[in-house]
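Written below as structure tokens is the structure these notes are about.
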Amino acid sequence: MEISTKYDPSLTEDKWYKFWLEKGYFHSEPNEKEPYTVVIPPPNVTGVLHMGHMLNNTIQDVLVRRARMMGKNACWVPGTDHASIATEAKVVAKLKEMGLEKANITREEFLEHAWEWREKHGGIILEQLKKLGASCDWNRTTFTMDPEYNKSVINTFVHFYNKGLIYRGIRMVNWDPEGQTAVSDEEVIYKETPSKLYYLKYFISIDGKPSEEYVEIATTRPETIMADTAVCVHPNDPRYTKLKGKKVLIPLINKEIPVIEDEYVLMDFGTGCLKVTPAHDINDYEIGIRHNLPVIDILDNYARLNEKAQILIGEERFIARKKIVKMLQENNQLVKEEQYNSQVGYSERTNAVIEPKLSLQWFLKMTEAAKPALEYVMNDTIKLIPDKFKNTYRHWMENVKDWCISRQLWWGQQIPAWYMPDGKIVVAADKDDALAKARLSYPDLTEKDLKQDEDVVDTWFSSWLWPISVFDPTKPGFPDKKPNSELAYYYPTNDLVTAPEILFFWVARMIMAGNEFCGDIPFKNVYLTGIVRDKQGRKMSKSLGNSPDPIKLMERYGADGVRVGMLLCSSAGNDILFDESQVEQGRNFSNKIWNAYRLVNGWTIDKDIEQSAQAAAAVKWFDGTLSESLETINDHFEKFRLSDALMHAYKLFWDDFCAWYLEIIKPEFGKGIDSKTHEATLELFEKLLRVLHPFMPFITEELWQHLAKNKNYESIMISEMPTPEKWSKDYAASFELVKSAIVNIRNIRQAKAISPKTELNLFVKGNLDKNLYCVIRKMANILQIEDMSAKDSGQTGNSFMVGTSEFFIPLEGMVNAAEELNKIDTELKHLEGFLKSVNAKLNNEKFMANAAENVKNTELKKRSDAEEKIAKLLKLKEEYSK
RNA sequence: GGGAGCAUAGCUCAGUUGGUUUAGAGCAUCUGCCUUACAAGCAGAGGGUCGGGGGUUCGACUCCCUCUGCUCCCACCA
């Protein structure tokens, strides 16, 4: 049957994925083997696969498949995150389309819609991961709002509350007016934004009436002046001593506010006079506390001015700003406007400008939990790869602030706090418990008297339990409870593969939770991937439209091709500049493997012929090369240098196996192959497929099914990774010499335009393994190889050297003596320069006194080799000069 | 403003405690080939003095200082 010259992934990928699933190879149960565990960083349930996921999950799959082939009980747990803000935003948008406002429906109704949405659209991303070949244990798929998981989260809350680490308080929080919720500091992204600095006149008040005198105050937020409760100057500012003890009037509303002094004010910024707006600025809030200022909040939850503003009530903040500026202008109280770039905070989820807002929130004290979590990383109990992230990690952990864990959303775990009629709080795992607790104070209370807190917890307050709860959701909240058998077996997990930007959000917090509930680390290694950027280094984003659709990419290049393309250019912690040509390289590699198979598959076995000398040599050489490569690849994996490991395997297959090994053993056209070589080749090919399998699961399975003889396994994915055997360095070195000689001969052919089909003769002088002459004959199309002494003295031809061995190819009438002399001179010049630098060292007394013995020896060897070569070249030069 | 990191062929990156033949790889480029596995291929070649300057050392891409450029993190002045 004709096999296509092009590998077609569409014919194999779905087939084998289905096969693996049916066989249950991805599923893991605790057994006597050593576990190898990875928990997926759960993508948002609303998510669709993007290039970042591709990279991240390819890496995980490579690690997991390899571990499985190394005899470990590999378990990769998949799942999704409920992502409260992102999901709620999508559901709200969808309701809007249906003509429904969130404000007009009940919590229960909303949640019904949300669940419906998640049933319909949630988890698309997991299906997409299957295309990639991800060998996740799908039976273990977990959602951070599964009923059991919810209990984990609630119990955790109760646990920390009982420990006195969770408290409720009024704080300045980052308010997202679009998402209608508080967000954590980490979810605010500061971007430099062009804005204006407005200089306003505040008249000094005399009994509530404006005087002639005024102070100038610079502000970027004129719409908040109505919330001013003071004007502040530096106590040592001579310009403003006259203001001390006075009062000024807020423009437009003519409200009297005091002038206060605080060292916080910078004398050299703006006018050195600051308006203090405690409700709308974090620093002003702190000044307000120091000076006992009232707090007037003039913005509602949608960042519209409220009735406390007195004017422009109901206007959105930015519209209000424009209007106020105009009013101030008309009132002659705007002195000037200056262009000014300030850092403005935006919500990571909704991109709305964050409003600092005072609100009543739940907090978790972090200081104590941070200490052991920092320790684990600093003493390498948990390794960060690359370790440059230790610095940033430390910085964050040493300056950790209390974590605002409440969110004013409905999608998520509702805070398990109930309010009694007197406003007092009981925190309990469920309403019955809460009622029982409440009755300790008020025996007559009924269910109806308890009102549960409206808020839900921050999403990260659920995902920090991930490595524990996916195995034992009954553990969080109960540090003393014996872990179930699953948790006991799989925890701590081995490797976590994630992005550096969630090192604190998620990784650090998982370490804290792990320590709190299991008294142990949640994982041993954290491999931090880079950000996938486009060719110009821009972050991939929907709005830029520079992100290719991974699914289409896989359709075009095959999942294996995309995996290889991504891995080749990604070292840990480095961003990857993605370009389709890399994926093309991956696809080409698949094709190369495919065609190697076509070659081997097309051979007919001839039982009557003996193994040729060159085939025997090639088998011996490649055996050694394979073992050497396995050692190298193992080493790369130990250091998490995945792209180096892949590149090594790539070259092993393409260069060593295809370009050298197969070409050496390839029978002449029309002839069969001896069975000994054939057997050996199948065995080597099969081993190579196993080496490549973690990187390219599909094509390796397809070919393995054809190639593998005496299969002990039904699938390559449950076969064993080949292990290195003893190999001879000397033999490898001799073979390398022969390869160099062949390259030189080909080079001469190219230079002299001699067809590869023309047979040539070769004279040799030097310590070349004569048993390998057969390889030169075959690969360089040499008819005869003779000792240099047999050469006729007057014969013209082309010479070259490999190491210190000399070679000569008779080329009557084709050699230009001047050209040859030129070549010799160039080489001589190079060698002499080299010798000079070596001699400089050897003649240096200090070098001889200080350098290590082996260093001196190599230098001596360099000298003798160079001298020998120079002598030979000089002799050659003489010959050509004749 | 504070901190960290990076700067090596056209591009993306290796270069392990300073010494292994005057720096390696892949891709791209150039030359010659449609050779009976593969033109998504084969064979061969060219290309960098390791950002600039200074220092330590017998010896520096590798250590120190400095300048320049870029990236990231943290904080933030109204």
Side-chain angles (χ1 to χ4, degrees), chain A residues 3 5-7 190 197-198 217-221 232 264-266 268-277 281-284 340 342-343 386 388-389 391-392 395-396 399 500-501 503-504 531 535 537 557 561 568-571 573-577 579 581-582 584-585 587-603 639 641 643-644 647-648 650-651 658-659 662-663 666 668-670 743 746-751 753 755-757 803 830-831 833-838 840-841 843-852 854-856 858-859 861-863 865-866 869:
Chain A
I3 311 173
T5 62
K6 301 268 188 285
Y7 169 60
Y190 287 91
L197 201 52
Y198 301 91
I217 294 176
T219 179
T220 51
R221 300 203 60 189
C232 187
Y264 167 79
V265 178
L266 298 172
D268 54 1
F269 188 88
T271 61
C273 189
L274 169 72
K275 73 184 198 66
V276 184
T277 321
D281 183 282
I282 179 77
N283 293 305
D284 291 11
Y340 179 72
S342 63
Q343 297 289 325
K388 65 176 176 184
F389 287 107
N391 276 328
T392 24
H395 185 259
W396 193 78
N399 296 290
E501 61 253 46
L503 192 55
F504 312 126
I531 297 166
K535 224 179 160 182
Y557 297 99
L568 277 179
C569 56
S570 59
S571 48
N574 283 352
D575 286 356
I576 84 166
L577 299 188
D579 184 49
S581 69
Q582 289 146 0
E584 206 176 303
Q585 190 184 352
R587 177 203 55 183
N588 293 356
F589 186 41
S590 302
N591 205 45
K592 186 71 188 175
I593 300 170
W594 179 253
N595 276 292
Y597 167 72
R598 286 183 61 230
L599 174 69
V600 171
N601 181 58
W603 286 334
K639 296 173 179 144
R641 298 158 76 141
S643 80
D644 288 336
M647 179 48 72
H648 198 88
Y650 175 95
K651 287 194 280 189
C658 293
L662 289 179
E663 289 299 332
K666 194 157 123 183
E668 280 174 56
F669 181 63
V743 168
R746 287 171 176 170
N747 190 1
I748 289 167
R749 281 184 190 276
Q750 172 97 358
S755 156
K757 287 173 185 160
H830 173 261
L831 276 168
F834 174 69
L835 186 61
K836 206 173 144 192
S837 76
V838 174
K841 280 187 201 172
N843 295 335
N844 185 321
E845 279 171 36
K846 288 189 180 167
F847 173 78
M848 295 308 279
N850 296 325
N854 62 329
V855 175
K856 279 192 274 187
T858 51
E859 291 302 315
K861 174 91 165 66
K862 280 192 211 168
R863 170 155 78 182
D865 282 0
K869 270 183 114 163

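Every chain is numbered from 1 and lettered A, B, ... according to where its sequence line falls, protein lines coming before strand lines.
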Please name the residue in the list A/Arg863, A/Lys862, A/Lys861, A/Lys856 that meets the salt bridge (Lys or Arg N to Asp or Glu O under 4.0 Å) test with A/Glu859. A/Lys862
Base, sugar-phosphate, or nothing for [X], non-hydrogen atoms under 4.0 angstrom?
X        : answer
A/Lys592 : base
A/Ala866 : nothing
A/Tyr190 : base
A/Lys651 : sugar-phosphate
A/Arg641 : sugar-phosphate
A/Ser581 : nothing
A/Cys658 : base

Closer than 4.0 Å, any side-chain N/O of A/Arg587 to the OP1 or OP2 of B/A40? no
Using the [atom1] atom on both, measure [N] against [M] and round to a whole Å.
N     : M     : atom1 : answer
B/U8  : B/U71 : P     : 15 Å
B/U22 : B/G26 : C1'   : 24 Å
B/C63 : B/A7  : P     : 10 Å
B/C13 : B/A28 : C1'   : 14 Å
B/C64 : B/C76 : P     : 32 Å
B/C70 : B/G52 : C1'   : 15 Å

Pair A/Asp865 + A/Lys869, salt bridge at N-O below 4.0 Å: no
Taking Watson-Crick (N1-N3 plus N6-O4 or O6-N4) and G-U wobble (N1-O2, O6-N3), each under 3.5 Å, can you produce the dot-bracket string of RNA chain B? Use [ ] for crossing pairs and | for inter-strand ones. (((((((..((((.....[....)))).(((((.......))))).....(((((..]....))))))))))))....
Find which nucleotide of RNA chain B each of A/Asn591 and A/Asp284 is nearest to by heavy atoms, and output the residue with the more 5' nucleotide. A/Asn591
Is there side-chain contact between A/Ile3 and A/Tyr597, with heavy atoms separated by less than 4.5 Å? yes
